[in-house]
**Student:** 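Before I ask anything, let me first share the structure, which is written out below as structure tokens.
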Amino acid sequence: MIVGTAGHVDHGKTSLVKALTGVDTDRLPEEKRRGITLELGFAHLALPSGRTVGVVDVPGHERFVKAMAAGAGGIDVALLVVAADEGVMPQTREHVDICTLLGVRQGVLVVTKADLLPGLGEGWLELLEADLRGLVAGTAFEGAPLVPVSAKTGQGVEGLKATLDGLAAKLPERGALGPLFLPIDRAFTTKGFGCVVTGTLLSGKVNVEDDVALSPGGGTHRVRGLQVHGKAVPQVAAGQRVAVNLAGLETAQVSRGMVLVRPGELLPTRSLDVEVRLLAAAEAPLPKRSRLLVTLGTEQVEAVLQVLDADGLRPGEQGFGQLRLGADVAALPGQRFILRGSRVLPGRAATLGGGRVLAVGAPRRRRGAREKLERLAQATLDDRVPWLLAEAGYAGLTEAELFARASASPKELARALETASARARVLAVDKESRRFLSREVFDALLARALARLDVFHREHPEADGQPREELRQKLGVPHEKTFARVVAALVEAKQAEVFGEVLRLPGRGRAYTEGAAALKSALLDRLDRAGLEPPLLADLARAAGAPEARVEALLNALVAEKVAVRAGDLTFSAKAVQALEEKVVAHLKAHGTLDTQAFKAMTGLTRKFLIPLAEYFDREKVTLRVGEARVLRKKDA
């Protein structure tokens, strides 16, 4: 469990943490000089039950809300700190908003400087509590216990520990079986060990010697060591404050906002589908398109929020949108974020709203997308998996890629894929890499393939069919095995047929006009008469009175129909070549070898024709060249 402080500047958050843990979390010289927390501070707290929890002390000053939001992202229980002598202040309200928007699950109202209460007048605590209860109505702090504490005298400290112990026993565990996701809030160098990064592990688990990656940034690094609360451990899991010692990494390469992930699992993105809520305290509606600051994990980045299928959001309203980010970020489906503007809200600083991530790496949304995202927000895993595959399009997703996007354990995902396959909602297109496609997408791909073949036949009536690779590229199918499944499905349904290296519709291909058919017949006749001494392409075209490109296309058709043979730059009559092959085979069976002189004597041909014919017989595995002679291939010997 992670406990975090929240509240206005100088209300005693750091002193409270020191009273609870014995650790002074103000570590920077400027923090010591100014007496306020500027950066996140960390400690650990031993509870009466023996359970040890992490403690995050966050800044309260408005200028440091970025750090506060970064720290609150991993908090399970928030201590809303209010000084007895000052009560609710602007940052108190903003921190309540941030904790609520970030999904903090439990809260405790802590009235600090309780030793001053006797001097503040009778009934002061009751008035303060009433003010606080009004502020937190409808938030994670509603109904939370209120504990007066004095860091100076120790009053209430043990009672607060007992309260935290009770809350810790009730909290459900975080998803240790999900994708690894550790937002980094600090990086430093330790002598003899190298780079160490720290953060609150939001999802997954990691072991010593595991390979991990920084996102965005890339590069794979080995986990040299792990620590929790200052002690070395072999493994850490979601919900813990951890320090990770990484091999082969310089501290200068790391910055807050990066996330530790599994290599290739959660790729950085600049596009997020989101569910978003505007605070009721906002002074004006949020327009359909707004440029805002987004705090996501430990990163803060400029972004454009596009509200989908609505003119905007009114104060207190919830809707759906897409965030187009100004820089690459790593994000986890279900992760919470904060939206901040440039203007300060009265009594609340600049936090405007926030929400949760629905999908990562989303395509640009068009009209009608709101309904789609609304279904996703409420979808079970059985519905979410086909949805994600449909969004992935022709590329589909591997099971590993789905795991990073589906917010489920491997066991739950495998069951959902099995169910979706049984219901014909998804299709495994590559069993080796475990790649899946939405059945809806696959069926649409089949229809497009048939339409493309029809267009090809109409544009190229004399062709046997469309080359497979050309069709794959025209369709935009990135994976060969996916395309192979498309071809197999079309052939099995007798909607298409394979002819050599081309694909065609049944009964289509090789359709000639009367003039083309006559020219093709004339070319074949000329080749048959020429025998083993055919004319060059230019000579054939000149004699036929047709363009070379046209004659070449018809010669290709004759070769495809196996009535002509291509050898080098020449096209021979297939009958003439077949007769020569029989002579060559007979000679080799009788004499064992055939050299160039014997071949010339047999045919009476010049080298212009001998060489391409000899190479043709080698290519067709009739002969095998050994030195300057040919021998019969073993299959014909």
Side-chain angles (χ1 to χ4, degrees), residues 394-396 427 429-433 435 437 442-513 516-517 519-521 523-524 527 534 537 540 547-575 577-578 581 612-613 615-624 633 635:
Y394 297 161
L427 177 74
V429 292
D430 183 355
K431 292 183 179 179
E432 186 178 342
S433 67
R435 182 172 299 279
L437 229 66
F442 187 76
D443 289 345
L445 185 52
L446 294 180
R448 274 198 67 217
L450 291 172
R452 291 291 327 174
L453 286 173
D454 181 60
V455 169
F456 181 86
H457 285 311
R458 283 189 276 111
E459 292 179 350
H460 307 86
E462 297 172 5
D464 277 324
Q466 189 163 22
R468 285 173 55 107
E469 182 58 24
E470 179 184 304
L471 178 59
R472 184 174 80 85
Q473 291 184 12
K474 291 284 186 183
L475 290 172
V477 180
H479 301 286
E480 173 57 38
K481 288 192 176 180
T482 300
F483 183 66
R485 282 300 300 268
V486 170
V487 173
L490 292 174
V491 171
E492 185 179 347
K494 294 183 169 48
Q495 294 178 296
E497 56 190 25
V498 176
F499 184 76
E501 289 299 312
V502 302
L503 199 65
R504 66 187 182 191
L505 299 176
R508 302 286 289 276
R510 295 295 174 204
Y512 296 98
T513 64
L519 178 56
K520 183 161 76 83
S521 179
L523 289 170
L524 180 58
L527 293 179
L537 173 63
L540 281 170
E548 286 189 23
R550 182 67 179 133
V551 171
E552 185 176 24
L554 291 172
L555 289 176
N556 289 339
L558 293 173
V559 171
E561 292 170 9
K562 301 189 185 304
V563 293
V565 167
R566 183 67 47 75
D569 294 331
L570 297 170
T571 304
F572 293 82
S573 163
K575 289 188 294 186
V577 173
Q578 178 61 36
E581 181 181 331
L613 283 168
E615 291 176 347
Y616 168 79
F617 288 137
D618 290 343
R619 188 179 77 234
E620 293 299 308
K621 295 182 171 49
V622 175
T623 58
L624 176 67
R633 286 270 182 175
K635 71 180 183 67

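FYI, side chains are in, hydrogens and waters are out, and symmetry mates aren't considered; it's all heavy atoms of this structure. Counting from 1, the numbers follow the sequence of the chain as shown.
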**Student:** Of the non-hydrogen atoms in Phe617 and Glu581, which two are nearest, and what is the gap between them?
**Tutor:**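 The answer is CE2-CB, 3.7 Å.
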**Student:** Which heavy atom of Pro478 sits nearest a heavy atom of Ala395, and at what distance?
**Tutor:**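 That closest heavy-atom pairing would be CG-CA, 3.6 Å.
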**Student:** Nearest 0.5 Å please: distance from the NZ atom of Lys520 over to the CZ atom of Arg550.
**Tutor:**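 Here the rounded value is 10.5 Å.
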**Student:** With heavy-atom distances below 4.5 Å as the criterion, would you say the side chains of Glu620 and Val565 are in contact?
**Tutor:**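 No, too far: nothing below the 4.5 Å cut-off.
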**Student:** With rounding to the nearest 0.5 Å, note down the distance linking CG in Asp618 to CG in Leu613.
**Tutor:**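 Spacing of CG (Asp618) from CG (Leu613) equals 11.0 Å.
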**Student:** So Thr571 and Leu558, do their side chains get closer than 4.5 Å, heavy atoms only?
**Tutor:**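 The answer is no; the side chains never approach within 4.5 Å.
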**Student:** Minimum heavy-atom separation for Leu475 to Tyr394, with atom names?
**Tutor:**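 Scanning both residues, the minimum pair turns out to be O-CE1, 3.3 Å.
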**Student:** Quick one: closest heavy-atom pair of Gly396 and Arg435, and the distance?
**Tutor:**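 Shortest heavy-atom separation between Gly396 and Arg435 comes out as O-NH1, 3.7 Å.
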**Student:** Atom CZ of Phe499 and atom CG of Asp464: how far apart are they, to the nearest 0.5 Å?
**Tutor:**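 It comes to 4.5 Å.
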**Student:** Would you name the heavy atoms of Leu453 and Leu503 that are closest together and state the gap between them?
**Tutor:**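 Closest approach of Leu453 to Leu503, heavy atoms only: CD2-O, 3.4 Å.
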**Student:** Hey, does the side chain of Arg633 reach the backbone of Thr623 with a donor-acceptor pair shorter than 3.5 angstrom?
**Tutor:**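 Such a contact is found between Arg633 side chain and Thr623 backbone.
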**Student:** Salt bridge between Glu470 and Arg452, side-chain N to carboxylate O under 4.0 Å?
**Tutor:**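 The answer is no: the pair does not qualify as a salt bridge.
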**Student:** Could you walk me through whether Asp430 and His479 satisfy the side chain to side chain contact (heavy atoms under 4.5 Å, CB included) test, starting with their C-alpha distance in whole Å, then the side-chain angles of each, then the deciding distance to 0.1 Å, before giving a yes or no?
**Tutor:** CA-CA 9 Å; Asp430 183 355; His479 301 286; over 6 Å; no
**Student:** For side chain to side chain contact (heavy atoms under 4.5 Å, CB included), just list the numbers for Asp454 and Arg508, CA-CA rounded to whole Å, side-chain angles, deciding distance to a tenth of an Å, and then say yes or no.
**Tutor:** CA-CA 9 Å; Asp454 181 60; Arg508 302 286 289 276; 3.1 Å; yes
**Student:** Are the side chains of Leu437 and Thr482 in touch, meaning some heavy atoms are under 4.5 Å apart?
**Tutor:**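 The answer is yes; the side chains approach within 4.5 Å.
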**Student:** Would you call Val487 and Leu471 a side-chain contact if the rule is heavy atoms closer than 4.5 Å?
**Tutor:**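 Val487 does not reach Leu471 side chain to side chain.
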**Student:** Would you call Glu497-Arg504 a salt bridge at under 4.0 Å N-O?
**Tutor:**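 Here Glu497 pairs with Arg504 in a salt bridge, since their nearest N and O are under 4.0 Å apart.
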**Student:** Can you tell if the side chain of Asp569 reaches within under 4.5 Å of the side chain of Leu537, non-hydrogen atoms only?
**Tutor:**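 Not in contact.
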**Student:** Return the minimal non-hydrogen interatomic distance between Pro612 and Gly568, and the atom names on each side.
**Tutor:**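 Looking at all heavy atoms of both residues, the shortest contact is CB-N, 4.3 Å.
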